[in-house]
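Below, chain A is the first sequence line, B the second, and so on; all start at residue 1. Reckoned from all heavy atoms, side chains included, excluding hydrogens, waters and symmetry mates.
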2 protein chains.
Amino acid sequence: MRVSREKAAEHRDRIIDAAGALFRAKGFGGIGVADIMKAADLTHGGFYGHFASKEDLVAQASRRTMARAAANWTKLVEAAPDSPYAALLAHYLSPKHRDDPGKGCAFAALGNDAARSGKVVRKAFAEGLAPLIEILAQSIPGKSKAARRRKAVAAMATLVGALTLARAVEGMPLSDEMLEAAHRELAAAARV
Amino acid sequence: MRVSREKAAEHRDRIIDAAGALFRAKGFGGIGVADIMKAADLTHGGFYGHFASKEDLVAQASRRTMARAAANWTKLVEAAPDSPYAALLAHYLSPKHRDDPGKGCAFAALGNDAARSGKVVRKAFAEGLAPLIEILAQSIPGKSKAARRRKAVAAMATLVGALTLARAVEGMPLSDEMLEAAHRELAAAARV
DNA sequence: ATTATCTATAGATCTATAGATAATGC
DNA sequence: ATTATCTATAGATCTATAGATAATGC
């Protein structure tokens with residue numbers, strides 16, 4: 001059942017989008033090629049016409065997810081020109097973000113998986129992380145450029161760690177406390 | 001080949017220890033029962049005499065790993081009575097810790113896996129996290145008890161996030177920068 | 001506790017085909 | 001417009017792996 005080039009490109013797109021969400025929700029190993037194809041309304045066999053392997057898809061889906069995150073952060077920052085940092089914090093450390101990993105940050109959802117992945121995937125993560133830190137560095141108050149950079153890197157760690165831990169203990173009081181404490185401490189550090 | 005109760009208990013112990021290291025190194029799904037048993041010098045089939053399921057082992061190994069972490073943190077803190085917080089930071093944010101996940105923090109190695117696990121495992125993680133935050137709260141400078149608690153929770157997020165990200169981008173310059181920035185910012189915040 | 005075995009799953013490959021695209025001819 | 005070719009997909013299948021169970025032995 002042949003399909004136009006346009007349709008095929010659209011199918012490829014759908015596969016990458018479905019994978020982007022399912023990987024974040026279930027981990028790289030927690031979802032299979034067949035289920036990703038089903039989510040994209042296609043059959044298992046067609047997969048290898050689009051991708052060399054599952055790992056190939058992992059890398060491509062990760063790249064797209066992180067590129068979208070950078071675009072989203074930029075939009076958030078531009079929408080709040082007088083308090084860009086506060087806008088990023090509120091957005092990132094929300095219960096809504098915690099409760100829907102499939103639509104959220106790739107680093108908080110897949111940091112461990114990335115650490116155990118091959119070089120191609122890890123490089124995708126490194127190249128996806130840099131722009132987010134850049135955006136943070138431009139939004140964060142600080143004496144010097146070096147100080148803002150350092151604060152941005154540390155803030156990124158706090159954001160990812162807080163979300164990761166809030167999810168790991170989801171359902172317990174500690175989960176909300178984690179988001180709130182990280183939010184307050186980061187906001188306070190920015191005022192110094 | 002039947003074995004005394006004492007030997008059996010020792011075998012069980014070895015399985016839990018092997019699992020504790022292998023899970024942290026490879027993730028809950030990244031290592032199989034057969035390989036864990038091999039690491040404990042036992043055969044695959046014997047596993048189900050000790051544990052109801054793999055998930056049962058996951059929960060038990062997680063509990064032990066985290067209990068040991070709390071004991072280790074207490075030892076570190078007691079060995080540096082005038083700068084306990086600095087001692088914890090230096091220990092946690094070292095390249096050595098980053099480069100050997102199998103012997104390191106369960107939250108930085110398995111936070112994502114825990115978030116995707118069942119309630120039993122997530123409860124184990126919540127109960128393992130609380131003591132670490134307590135130790136941090138007692139080591140960290142701060143005006144009030146509430147302020148120290150809040151700082152401790154946020155610091156825990158920074159530690160776990162920095163290590164997770166440093167591993168996700170391992171091999172790139174950003175990896176070292178992540179550890180150093182988190183270290184400097186946390187130490188600076190404690191001086192305020 | 002060992003050894004053998006069962007069953008389900010998942011990544012990957014193979015084959016046939018519908019139908020799109022390219023080449024040909026008027 | 002016709003004919004030939006190409007290719008994305010479906011569906012079936014292969015192979016390896018992993019959790020779990022059963023049979024056996026001491």
> How long is the gap from CE on A:Met156 to CE on B:Met178, to the nearest 0.5 Å?
Replying inline: 7.5 Å

Using a cut-off of 4.0 Å on non-hydrogen atoms, how would the nucleic acid contact of [X] be classed: base, sugar-phosphate, or nothing?
X	result
A:Ile36	nothing
A:His50	sugar-phosphate
A:Thr43	base
B:Leu57	nothing
A:Gly32	sugar-phosphate

>> Given 3.5 Å as the limit, does a donor-acceptor pair link the side chain of A:Ser62 with the main chain of A:Val58, or not?
In response: yes

Can you tell which of [options] lies closest to the side chain of [X]?
X	options	result
A:His11	D:dA20, D:dT9, C:dA20	D:dT9
B:Ala8	C:dA12, D:dT9, C:dA1	C:dA1
A:Lys54	D:dA20, C:dA20, C:dA12	C:dA12
A:Val33	D:dA20, C:dG11, C:dA22	C:dG11

Can you confirm whether [X] sits close enough to [Y] that some side-chain heavy atom of one is under 4.5 Å from a side-chain heavy atom of the other?
X	Y	result
B:Arg12	B:Phe51	yes
A:Ser139	A:Leu88	yes
A:Phe23	A:Asp113	no

> Does C:dA22 have OP1 or OP2 sitting under 4.0 Å from an N or O in the side chain of A:Arg5?
Replying inline: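 True: A:Arg5 side-chain N/O within range (under 4.0 Å) of C:dA22 OP1/OP2.
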
> Distance check: side-chain N/O of A:Tyr48 vs OP1/OP2 of C:dA12, anything under 4.0 Å?
Replying inline: yes

Separation of atom [atom1] in [X] from atom [atom2] in [N], rounded to whole Å:
X	N	atom1	atom2	result
B:Ile31	D:dA18	CD1	C1'	11 Å
A:Phe47	D:dA10	CZ	P	14 Å
A:Lys38	D:dA10	NZ	P	13 Å
B:Met37	D:dA18	CE	P	15 Å

> In the strands shown, is D:dA20 matched to any nucleotide by a Watson-Crick or G-U wobble pair with both distances under 3.5 Å, and which?
Replying inline: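 The answer is C:dT5, by the H-bond criterion.
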
